[in-house]
A.B. asks: 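What follows is a structure written as structure tokens; I'll ask about it next.
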Amino acid sequence: MSQLPFVTTTEMFRKAYEGGYAIGAFNANNMEIIQGITDAAKECRAPVIIQVSPSAMRYANATYLVKMIEAAEKETGLPICLHLDHGDSFEVCKEVIGYGFTSVMIDASSKPFEENVEVTRKVVEYAHDHGVVVEAELGALAGVEDEVVVSEEHSHYTDPNEVEEFVHRTGIDSLAIAIGTSHGAYKFKPGTKPQLRFDILEEVSKRLPGFPIVLHGASSVDPHYVQMVNENGGSMPDAIGIPEDQLRKAASMAVCKINIDSDMRLALTGSLRKYLNENPSVFDPRKYMSVARDNIKDVVKHKMIDVLGCTDKI
């Protein structure tokens, strides 16, 4: 398959590191999510990473997703990086590179250190031969996101003593670390106060000066949309996310990419529940999906302006 007109994260991350901001990496599953993300990025004049997970490819078909993101790139003129989120094997990374992805994540963080190095290095060698950049992970985030399921018992922070060796031996282009974020909307128990481990982030950045760091599980879980879901027949008690001021602080440091997923899913779900509850006779999907798309756009704009600090960067 011919190479598609997407960019890698190399230049994005260089500018983000030097400028003290982060690039938003938003997970896409359908057309309305893609449109909401890219419409917001166009208005904010912000570079953007659109992520596709293996489960999203099974849901929507990789060809459909790639072609819709290609259409968004042509319509907006944005520098878009098309990224594989949480690839769990060499084979899936190789497959998406054939589709024109310009960035892949190989997630072998659940494996022992040496095995993580071995799997990651194999992906890096293949990806770099095809002009594609690679993200990998050290540490393990608790929570649930698509097929990523890590119990609190098996989660652990990134060990700064391992990062230099891991980056040197694998040749990766960016590193995802665990400093207190968590996958999914139900990140923390009621009454807890989420706190990122900035001491770990600072130590990692000292050991890897100028190297791009990534945060997964960094959705803030907007209570407005949680309330909207619950007031319209849903049941989402105790959904707690990462405070946005902590994410903004991380973005001002070595963190160049912050993954955002749950916030958009909540906006979509809340919008659909509210609209259909208030308009029970409507059966035209264009009406309720356009409302969902507009709310996704609002969420993404807010993140770009107030959390990531990446507006007016193109």
Side-chain angles (χ1 to χ4, degrees), residues 1-19 21-28 37 41 46-54 56-57 62 65-66 69-70 73 78-109 116-138 158 163-164 166-177 204-205 208-216 218 251 254-260 308 310 313-314:
M1 185 174 291
S2 61
Q3 183 71 27
L4 296 177
F6 304 119
V7 301
T8 70
T9 55
T10 302
E11 186 67 8
M12 285 185 182
F13 287 170
R14 183 190 66 79
K15 291 180 178 179
Y17 199 104
E18 293 174 356
Y21 61 89
I23 310 297
F26 302 92
N27 284 72
I37 294 167
V48 67
I49 299 166
I50 298 183
Q51 302 189 147
V52 175
S53 66
M57 289 191 292
L65 289 170
V66 171
I69 297 169
E70 181 182 4
E73 187 277 337
L78 289 169
I80 295 174
C81 173
L82 177 56
H83 175 74
L84 171 68
D85 191 27
H86 288 292
D88 60 359
S89 68
F90 170 80
E91 287 73 24
V92 73
C93 292
K94 180 179 178 181
E95 178 187 1
V96 301
I97 289 170
Y99 279 108
F101 282 56
T102 47
S103 177
V104 296
M105 179 194 185
I106 175 63
D107 185 1
S109 60
N116 191 352
V117 168
E118 180 181 355
V119 172
T120 301
R121 184 172 60 233
K122 183 178 180 181
V123 172
V124 168
E125 290 172 353
Y126 183 86
H128 284 184
D129 282 345
H130 292 77
V132 173
V133 296
V134 179
E135 171 191 327
E137 183 168 331
L138 272 178
T158 299
V163 297
E164 290 173 277
F166 186 78
V167 170
H168 176 72
R169 290 178 59 187
T170 60
I172 57 171
D173 303 280
S174 60
L175 177 66
I177 64 173
V204 169
S205 63
L208 297 172
F211 194 81
I213 302 302
V214 174
L215 288 187
H216 286 247
V255 172
C256 296
K257 171 177 178 268
I258 294 180
N259 288 19
I260 296 169
L308 302 166
C310 63
K313 303 302 182 184
I314 57 173

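It should be emphasised that the depicted structure is a prediction, and the values quoted were computed from it without experimental measurement. When a residue number appears, it is its place in the shown sequence, counting from 1.
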A.B. asks: Between NZ of Lys122 and OG1 of Thr170, what distance do you get to the nearest 0.5 Å?
C.D. replies: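 So the NZ of Lys122 and the OG1 of Thr170 are separated by 15.5 Å.
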A.B. asks: Measure across Cys93 and Met105 and return the closest heavy-atom pair with its distance rounded to 0.1 Å.
C.D. replies: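 Shortest heavy-atom contact: SG-O, 4.0 Å.
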A.B. asks: Less than 4.5 Å apart, any side-chain heavy atom of Tyr21 and any of Leu308?
C.D. replies: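 The answer is no, as the side chains (C-beta and beyond) never meet within the 4.5 Å cut-off.
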A.B. asks: Please report the C-alpha distance between Phe13 and Ser174 in whole Å, then the side-chain angles of each, then the deciding distance to 0.1 Å, and finally whether the side-chain contact (heavy atoms from CB on, under 4.5 Å) criterion is met.
C.D. replies: CA-CA 9 Å; Phe13 287 170; Ser174 60; 3.9 Å; yes
A.B. asks: Look up atom CD1 in Ile213 and atom SG in Cys256, then write down how far apart they are to the nearest 0.5 Å.
C.D. replies: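 The CD1 atom of Ile213 sits 8.0 Å away from the SG atom of Cys256.
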A.B. asks: CD1 of Ile177 to CG of Leu138: how many Å apart, nearest 0.5 Å?
C.D. replies: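 If I round to the nearest 0.5 Å, the distance is 9.5 Å.
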A.B. asks: Between Thr9 and Met12 (side chain of the first, backbone of the second, donor and acceptor by atom type, cut-off under 3.5 Å), is there such a pair?
C.D. replies: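 Not at all, since once roles are kept as given, no pair shorter than 3.5 Å links the two residues.
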A.B. asks: Do you know the tightest heavy-atom contact between Val133 and Asp173?
C.D. replies: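 So the minimum-distance heavy-atom pair works out to CA-OD2, 3.3 Å.
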A.B. asks: Answer whether the closest heavy-atom distance between the side chains of Val52 and Phe101 falls below 4.5 Å.
C.D. replies: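 Yes. Closest side-chain heavy atoms under 4.5 Å.
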A.B. asks: Starting at CG of Asn116, measure out to CZ of Arg169 and round the result to the nearest 0.5 Å.
C.D. replies: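 That separation rounds to 10.5 Å.
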A.B. asks: Ignoring hydrogens, what is the shortest heavy-atom contact between Phe6 and Val66? Give both atom names and the distance.
C.D. replies: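 Closest heavy-atom pair between Phe6 and Val66: CZ-O, 4.1 Å.
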A.B. asks: Can you see which heavy atom on Ile258 is nearest to which on Ala218, and at what distance?
C.D. replies: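 Nearest pair, atom of Ile258 first, then Ala218: CG2-CB, 3.5 Å.
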A.B. asks: Would you say that more than 12 heavy atoms from the other residues, nucleotides or ligands in this model lie under 6.0 Å from the NE2 of His128, or not?
C.D. replies: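 Yes, because the 6.0 Å sphere around NE2 of His128 holds more than 12 heavy atoms from other groups.
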A.B. asks: Please walk me through it: do Glu164 and Leu208 pass side-chain contact (heavy atoms from CB on, under 4.5 Å)?
C.D. replies: CA-CA 7 Å; Glu164 290 173 277; Leu208 297 172; 4.2 Å; yes
A.B. asks: Under the side-chain contact (heavy atoms from CB on, under 4.5 Å) test, which residues partner Ala25, sequence neighbours left out?
C.D. replies: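 side-chain contact (heavy atoms from CB on, under 4.5 Å) check on Ala25 returns Ile49, Gln51, Lys257, Asn259.
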A.B. asks: More than 12 foreign heavy atoms under 6.0 Å from NZ of Lys15: is that the case here?
C.D. replies: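 At most 12 heavy atoms, drawn from other residues, nucleotides or ligands, come within 6.0 Å of this atom.
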A.B. asks: Roughly how far apart are Ile69 CD1 and Cys81 SG, rounded to 0.5 Å?
C.D. replies: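 Those atoms lie 10.0 Å apart.
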A.B. asks: If you take all heavy atoms of Val124 and Gly171, which pair is closest and at what distance?
C.D. replies: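 Distance-wise, the nearest heavy atoms are CG1-O, 3.6 Å.
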A.B. asks: Got a second to check how far Leu84's CG is from Thr102's OG1, nearest 0.5 Å?
C.D. replies: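 Reported to 0.5 Å precision, the distance equals 11.0 Å.
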A.B. asks: Would you say His86 and Ser53 make side-chain contact, with heavy atoms under 4.5 Å?
C.D. replies: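 The answer is no, as the side chains (C-beta and beyond) never meet within the 4.5 Å cut-off.
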A.B. asks: Begin from the C-alpha positions of Thr120 and Phe166 and carry the test side-chain contact (heavy atoms from CB on, under 4.5 Å) through to its verdict.
C.D. replies: CA-CA 9 Å; Thr120 301; Phe166 186 78; 3.9 Å; yes
A.B. asks: I want to check something: taking the side chain as every heavy atom from C-beta on, are Leu82 and Glu73 in contact at a cut-off of under 4.5 Å?
C.D. replies: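 SC-SC contact between Leu82 and Glu73 ruled out.
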A.B. asks: Does Glu91 form a salt bridge (charged side-chain N to carboxylate O under 4.0 Å, His left out) with Lys94? I'd like the steps, not just the answer.
C.D. replies: CA-CA 5 Å; Glu91 287 73 24; Lys94 180 179 178 181; over 6 Å; no
A.B. asks: Minimum heavy-atom separation for Pro79 to Ile314, with atom names?
C.D. replies: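 Taking every non-hydrogen atom into account, CG-CG2, 3.6 Å.
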A.B. asks: side-chain contact (heavy atoms from CB on, under 4.5 Å), that's the test. Do Ile172 and Phe211 meet it? Break it down for me.
C.D. replies: CA-CA 10 Å; Ile172 57 171; Phe211 194 81; 4.1 Å; yes
A.B. asks: For Thr158, enumerate each residue passing the side-chain hydrogen bond (donor to acceptor under 3.5 Å, both in side chains) test, keeping only those at least two apart in sequence or located in another chain.
C.D. replies: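 For Thr158 there are no side-chain hydrogen bond (donor to acceptor under 3.5 Å, both in side chains) partners, ignoring immediate neighbours.
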A.B. asks: For Arg14 and Glu18, run salt bridge (charged side-chain N to carboxylate O under 4.0 Å, His left out): C-alpha distance rounded to whole Å, both residues' side-chain angles, the deciding distance at 0.1 Å, then the answer.
C.D. replies: CA-CA 6 Å; Arg14 183 190 66 79; Glu18 293 174 356; 3.1 Å; yes
